[in-house]
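A short write-up of the structure that comes next.
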Amino acid sequence: MDWSDPKYDELAKQDFLRSEIVADLRAGRYDRVHTRFPPEPNGYIHIGNAKAIWLNYCIARDFGGKFNLRFDDTNPVKEEKEFIDSIIRDVAWLGADCEGRVFYASDYFQQMYDWARDLINKGKAYVDDLSADEISQHRGNLTTPGRNSPWRERPVEENLDLFERMKNGEFPDGAKVLRAKIDMAHPNMNMRDPLMYRIIHAPHPHAGDKWCIYPIYDWAHGLEDSIEGITHSMCSIEFENHRPLYDWFLIELGIYKPRQIEFARMNVSYTIMSKRYLKMLVGENRVSGWDDPRMPTIAGMRRRGYPARAIQDFLERAGIAKKANTIAFELLESCVREELNRTAPRLMGVLNPLKVVVENLPEGHSEEFDAVNNPEDPAMGTRKVPFTREVYIEREDFMEVPEKKFFRLAPGREVRLRYAYLLTCDSAVKDSAGVITELRCHVDLASRGGNAPDGRKVKSTMHWVSATESVPAEARLYDRLFTVEDPSGEEGKFLEHLNPDSLKVLKDCRLEPAATNLRAGDRVQLERLGYFAADQDSEPGRLVLNRTVTLRDSYTKGK
RNA sequence: AGUCCCGUGGUGUAGAGGUUAUCAUAUGGGCCUUUGGAGCCUGUGACGGCGGUUCGAAUCCGCCCGGGACUACCA
């Protein structure tokens, strides 16, 4: 590879990560690029994780390198097979292709064990009998140095023996740990004789019951990277203080050392990114599951109808830096709309049907109009939409006493039924409670197709469906899950900010007949209403649509 | 309080000693429209502060202020 090629100057300009990598390559510190995404399988991945996935994948791709998916499965009590499966699925769906390189840290446990023995032999690690509480007390705090454990100077042979017996299951959980011998007075707390192994008698989702001692992150992570030949180990900013330790282990062991570089994790307004909190939402049934369309998870967004390409676009537009940041949820929605506007076929559907009787059409009247599938893409063709004497319009599209700036249907007012006719409302019929039950209207027969021969204009074009030749559907309308920009601002209070109206279910929607072709996952635009995705809960004859995002709306916005 | 990191429009981001300080999103106005969509035009809006270096500083240096991470047998 010729890293002096000017094309790498361009890459270097994209963000500080690529810039650092180009510098490393040109200085000869590494001769290739190999990245990884190392999730712990303790939950579904969310949009924040997606940033790490996408950036690691794209950087490898840009430099002609490789990208690994690796499970950092070092804590069996928190990890599950379901999460392993979901992560593999979601990473692939997102578009980050690891070319089948799926690894498990737990497959490296033997090697890690051997290296731990090396460290013991070098007098750089020891078995500690202190309890968790005692260790914590000995650690000191931010301003005061820690104290050495009484077991710190155990002879090498004894450490070796004890460590082996820990591995063999001779001790209960918590009885002993293996620690690195560094410096209990180090200003960086992470360097105060960090733990390397703890005893956990629990089955592991990948390794089974092979082990009862498990490596801790700081000890394990660099080794995993080293084993896989990772060149640049990019992680979020909270690991910055861990980098000295990452380096320390690899240097003491004398093995290949990748470079850890930290970037700021991404927050998105009106949602949360903490896996612990997301888990709580699922556990307490505040949402229907990890894939609830309101969740910031990849599975949730997929079900909601967000295209992978839109998420990628969002991630790229959000950029990479080290500054704490909160990306506007509106940017995500904007990316979703942009993608869907290009790709989603249009359909007409009525969420809240209001019957319209076209009185100057004969009983049993039926005809068809051609409708454009996507005005942004003529190649998507047209379809037929049936029109009959009775149609449904959106209840919101009629006002008996129209307010200012409302220019849809009202008594005596003429509007266009898209693709069909110009329609004028003659009267509204009400029930005993005063609720409007139907509209009596007439159309201008000369306006077939939507334009009157005299060229007169109407202020509004409305969507509609035939009352008799339409199909029923349920629509699930989603709003932001939280009512405040930063729900996790105060520790533990995020549940108080849950939006009680984040889900609204409409069960009596009507869609034009073409909707019968929709299958779970298909995305459409319901004209004037927004983008919708067919949900997996759909049944034959009963479609369930998730509203992905509304259309931009300058009418309600102005109010 | 100790160590480390970070401060550019509301939000996010570009900027590498000389620019009318980039772009996106959001927001105001207008045009166009058989989706109050899309598109097009346009307005508002930022270098945390103070010193220093320099002919010249968002950019280099110092101090201050502000924000973040770390005190798990989590990752």
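These numbers come from a predicted model, not from an experiment. So you know, we letter chains A, B, ... as the sequences are listed, proteins then strands, and number each from 1.
Scanning for ring-ring contact (aromatic ring centres under 6.0 Å, His included) contacts around A:Tyr306 gives an empty result, with sequence neighbours left out.
Spacing between B:C32 and B:A26 at atom C1', rounded to whole Å, works out to 23 Å. Rounded to a whole angstrom, the distance from the P atom of B:A16 to that of B:G52 is 25 Å. For B:G62 and B:U19, the C1' atoms lie 27 Å apart once the distance is rounded to whole Å. B:G29 and B:C61 have their C1' atoms separated by 46 Å, given to the nearest Å. Rounded to the nearest Å, the gap between the C1' atom of B:U59 and that of B:U54 is 13 Å. A gap of 14 Å separates the P atoms of B:C63 and B:C5, to the nearest Å.
For the OP1/OP2 pair of B:C73 and a distance below 4.0 Å, the side-chain nitrogens and oxygens of A:Arg139 include at least one atom meeting the criterion. Under 4.0 angstrom from either OP1 or OP2 of B:C73 there lies no side-chain N or O belonging to A:Ser136. Contact annotation: A:Thr144 side-chain N/O to B:G2 OP1/OP2 distance is not under 4.0 Å. Applying the 4.0 Å criterion to OP1 and OP2 of B:U33, one finds that A:Arg416 has every side-chain N and O outside that range.
Ring geometry for A:Tyr214 versus A:Phe109: interplanar angle over 60°, hence perpendicular rather than tilted (30 to 60°). Ring planes of A:His221 and A:Tyr246: tilted class, angle from 30 to 60°.
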Footprint string (nucleotides 7-12 of chain B, 5' to 3'): B base within contact, S backbone only, - free, heavy atoms under 4.0 Å:
-S--SS
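Checking A:Trp464 against A:Glu394 by side-chain atom types alone, no donor-acceptor pair falls below 3.5 Å. Residues A:Ser233 and A:Arg36 bring a donor and an acceptor atom of their side chains to less than 3.5 Å of each other. Judged by distance alone, the side chains of A:Arg528 and A:His463 do bring a donor and an acceptor atom under 3.5 Å apart. In summary, the side chains of A:Ser136 and A:Asp133 do not present any donor paired with an acceptor at a separation below 3.5 Å, with no hydrogens or angles considered.
A:Lys275 comes within 4.0 angstrom of no nucleic acid atom, judged by non-hydrogen atoms across all strands. Residue contacts for A:His186: at a heavy-atom cut-off of 4.0 Å it reaches no nucleic acid atom on any strand shown. When heavy atoms are screened at a 4.0 angstrom cut-off, A:Tyr421 is found touching no nucleic acid atom at all. Using a 4.0 Å heavy-atom cutoff across all strands shown, A:Gln525 reaches at least one base atom of the nucleic acid. Counting any heavy atom pair closer than 4.0 Å across all strands shown, A:Glu376 reaches a base atom. Nucleic acid contact class of A:Ile216 (heavy atoms, under 4.0 Å, all strands): sugar-phosphate only. Among the protein residues, A:Phe407 comes within range of the nucleic acid bases, having at least one heavy atom under 4.0 Å from a base atom. Within the 4.0 angstrom heavy-atom criterion, no nucleotide atom of any strand lies near A:Leu417. Among the protein residues, A:Leu551 comes within range of the nucleic acid bases, having at least one heavy atom under 4.0 Å from a base atom. In this structure, A:Arg337 reaches neither bases nor backbone, as no heavy-atom distance under 4.0 Å exists between it and the strands shown. Residue-level contact check: A:Asn42 touches neither bases nor backbone, having no heavy atom under 4.0 Å from any strand. In this structure, A:Phe239 reaches the bases: a heavy-atom distance under 4.0 Å links it to at least one base atom across the strands shown. The residue A:Pro375 sits close to a base: some heavy atom pair falls under 4.0 Å. Within 4.0 Å (heavy atoms only), A:Leu130 reaches at least one base atom of the nucleic acid.
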Toss me the dot-bracket line for RNA chain B: Watson-Crick and G-U wobble, both under 3.5 Å, 5' to 3', using | for pairs to another strand and [ ] for crossers.
.((((((..(((.....[....))).(((((.......)))))....(((((..]....))))))))))).....
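Electrostatic pairing of A:Asp9 and A:Lys13 does not count as a salt bridge here, judged by no charged N lying under 4.0 Å from a carboxylate O. Electrostatic pairing of A:Asp128 and A:Lys176 does not count as a salt bridge here, judged by no charged N lying under 4.0 Å from a carboxylate O.
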Stepwise, does the side-chain contact (heavy atoms from CB on, under 4.5 Å) test hold for A:Asn188 with A:Arg243?
CA-CA 11 Å; A:Asn188 180 341; A:Arg243 180 159 24 100; over 6 Å; no
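Side chain A:Asn241 to base B:A69: a donor-acceptor pair is found below 3.5 Å.
Rounded to whole angstrom, the span from the CG atom of A:Asp553 across to the P atom of B:U35 amounts to 14 Å. The CD1 atom of A:Ile261 sits 18 Å away from the C1' atom of B:A69 (whole-angstrom rounding). Look at CZ on A:Arg265: it is 16 Å from P on B:A75, rounded to the nearest Å. For the pair A:Met266 CE and B:U25 C1', the computed distance is 14 Å after rounding to whole Å.
The 5' end of RNA chain B is approached more closely, in terms of each residue's nearest nucleotide, by A:Thr143 than by the other of A:Glu527 and A:Thr143. Where A:Arg346 and A:Ser334 each meet RNA chain B at their nearest nucleotide, the meeting point lying more 5' is that of A:Ser334.
With A:Arg416 contributing its side chain and A:Gly450 its backbone, the two residues share a donor-acceptor pair below 3.5 Å.
Taking a 6.0 Å sphere around CH2 of A:Trp151, one finds it holds 12 or fewer heavy atoms contributed by other residues, nucleotides or ligands.
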